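First comes the structure, then the notes that go with it.
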There are 2 protein chains.
Amino acid sequence: MANVKDVAKLAKVSVGTVSKVLNNDPTVKPKNREKVMKAIEKLNYVPNIHAKNLSSGKTNMISIISPTIGDEFHERLVSAIDEVLSKNGYDSVFFPLLSRDRLERVSSPSHFLYQTDGLIVSSLSLTKMFKDNKFPTPKPYILVDTRDEMNDCIFVDNYHGGVLAAKNIKIYPNSDIYILGGYESDEVFSSGVFSERLNGFIDELVNQRGISKKRIKVIEVALSWKESFEVGRNIIKNQKKRFSVFALSDIIAFGFIEGAKSEDMFPGKDYSIIGYDDLSFAESIKLSTVRQPIELLGQTAAELLIEKITNHSNEKIQKCLKPKYIERKSN
Amino acid sequence: MANVKDVAKLAKVSVGTVSKVLNNDPTVKPKNREKVMKAIEKLNYVPNIHAKNLSSGKTNMISIISPTIGDEFHERLVSAIDEVLSKNGYDSVFFPLLSRDRLERVSSPSHFLYQTDGLIVSSLSLTKMFKDNKFPTPKPYILVDTRDEMNDCIFVDNYHGGVLAAKNIKIYPNSDIYILGGYESDEVFSSGVFSERLNGFIDELVNQRGISKKRIKVIEVALSWKESFEVGRNIIKNQKKRFSVFALSDIIAFGFIEGAKSEDMFPGKDYSIIGYDDLSFAESIKLSTVRQPIELLGQTAAELLIEKITNHSNEKIQKCLKPKYIERKSN
DNA sequence: CTGAAAGCGCTTACAG
DNA sequence: CTGAAAGCGCTTACAG
């Protein structure tokens, strides 16, 4: 593998000049630039990125950490983030957690992810794992989709989302009201958003709509279509009259609806249901839901991080976006 | 930020010894190891990963490239890959393509992703973008879920998967047979798997089951639940008798089924349908499908890559796994 | 506008 | 088992 020295020798210039050409420094004379380009071409030279990172002290990369991949929420969030980063000259590199084992590896302060120019951490309350509740890095970072008073963060008002669902959900006389979801199997993998939605929902129902707490039943389901399908089937079996459901995610709502359908019960007719997120399928299946501004969340996170990097600003960021209730046929 | 020198000074040893402690070299005397550990603790020392990468010439990281995130197939594939890599002391770093813009950035030979210890490239035929159809890196790599005669690869026999669907699908007298999917909007984003499934299906239908080509209709749909839902609704409108559908992915099958349901037509009753992949929801919705061994695909890819790295072996890899037809109620 | 040289923070033979 | 020193391949003031 050729290096800058080889290129410099062949082009008959100094390594400093080669470096300048590589970095588009406008002070290089066109003639020299051309000589260098030719040498690069001829030697099939590719700059060593690790040397560059080391000597320049920056990477032009931003680490993005998310609990999983494989769901629409994070795909959209991450795409929105990447778009803004890209416009600002940064590239993104992804670290989905995937498993407990990987979480462990990724928590080592010397892991690569802490040595890019900044981090965006999505839907996780990882800071609990570290000393002083801070990530083990001097690099700037921002948390997304989680509220964390000790760190810069941007999130959607999940409590208010729950309130919106409670304000709008149809309730039948003396019927049960189910809350589906909220099960966060592993504390560090959780962001707390589910319990905030749940709290907002219950508070509004009890305090404003005067619903007795006894009528509200929380069913813990993982964020899994399949598991929610099973819940849909099983709950249905014990139901004799119309009831109401607040699913803490559209995924859960969708699974539940299909499970219920398999027992011949239909949303908007045999029961009312409101989901959360407004994912792409929600409109097709006519699911009433609480919409999160996913793209805006990602864009804003990226913009705030870039601002932190460029201005070395240290003011605390606690930004809150608002969700919106979307009425469809299921409620 | 403290560095090895600071640690060495405080621990009263040489930097070489510090480095050995950092890398768990057993030849360090316990006493010295302890002194170093204490100094590390005291100084809050974190090794600079870029310096380490540069001087050691390796990263212990493997780049994983995939077209998208947000789908179950890639989540499972990537998780399986990561598990095997982890057991062998490697960490994985992800580069989903997400967009054309990002693809462009990521195609630069000097991009970080080409300078890890190896690459696994999933569901893409990116090699067309580069000289000699090879990735611009001396590092070993392997392609997954795509057949590429010029490069090492591991894939599932998609042609055979199409044949399996054709062998098993129920066909009604004089009825139409639809193939859904196969639309690959951007050549470099495609892996060619859809057209192989399609070819296997048609060949078997025409040559073995004696079906006239005229009865077979290909409807191009993107790999999108929502778009497939619309197709389900629209096709249904023109259908007066029972028909058959081969969906080139379970996602497409699922969307189609729901769209059809919204017009009161049901799989296994008003039409027959076979999907592809056997994703987690397939069993719940009773979808007959062609199962791909997704985890095995990922594991094997990771194992083969590690073998290439450790043995510097250069023998060509063209590994083919077999799919399996799963009968459920939809067909 | 260019070149010589120091420096980034590690690892790795090698001598002892 | 340890230390001194060279080396990895870049960037970056600085002198000219």
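By convention in this document, chain letters (A, B, ...) are assigned in the order of the sequence lines, proteins followed by strands, and residues within each chain are numbered from 1. Treat the numbers as computed from the prediction; the structure is a model and nothing was measured.
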Report summary line: B/S/- along nucleotides 4-16 of chain D (protein heavy atoms under 4.0 Å) is ---BBBBBB----

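- DNA chain C contains the following stems of three or more consecutive Watson-Crick or G-U pairs, with both distances under 3.5 Å: C:1-3 with D:14-16, C:5-12 with D:5-12, C:14-16 with D:1-3.
- The environment of NZ in B/Lys31 is sparse: at most 12 heavy-atom neighbours from other residues, nucleotides or ligands sit within 6.0 Å.
- Side-chain contact between A/Tyr114 and A/Pro136 is present, with heavy atoms from C-beta onward closer than 4.5 Å.
- A/Asn53 and A/His50 share no side-chain donor-acceptor pair at under 3.5 Å.
- When only modelled atom types and interatomic distance are considered, B/Asn23 and B/Lys52 share a side-chain donor-acceptor pair under 3.5 Å.
- Using modelled atom types, one finds no donor on one side chain facing an acceptor on the other under 3.5 Å when comparing B/Thr116 with B/Thr59.
- For the residue pair A/Tyr141 and A/Asn151, a side-chain donor N or O sits within less than 3.5 Å of a side-chain acceptor on the partner.
- With sequence neighbours left out, the side-chain contact (heavy atoms from CB on, under 4.5 Å) criterion links A/Glu149 to A/Arg147, A/Gln318.
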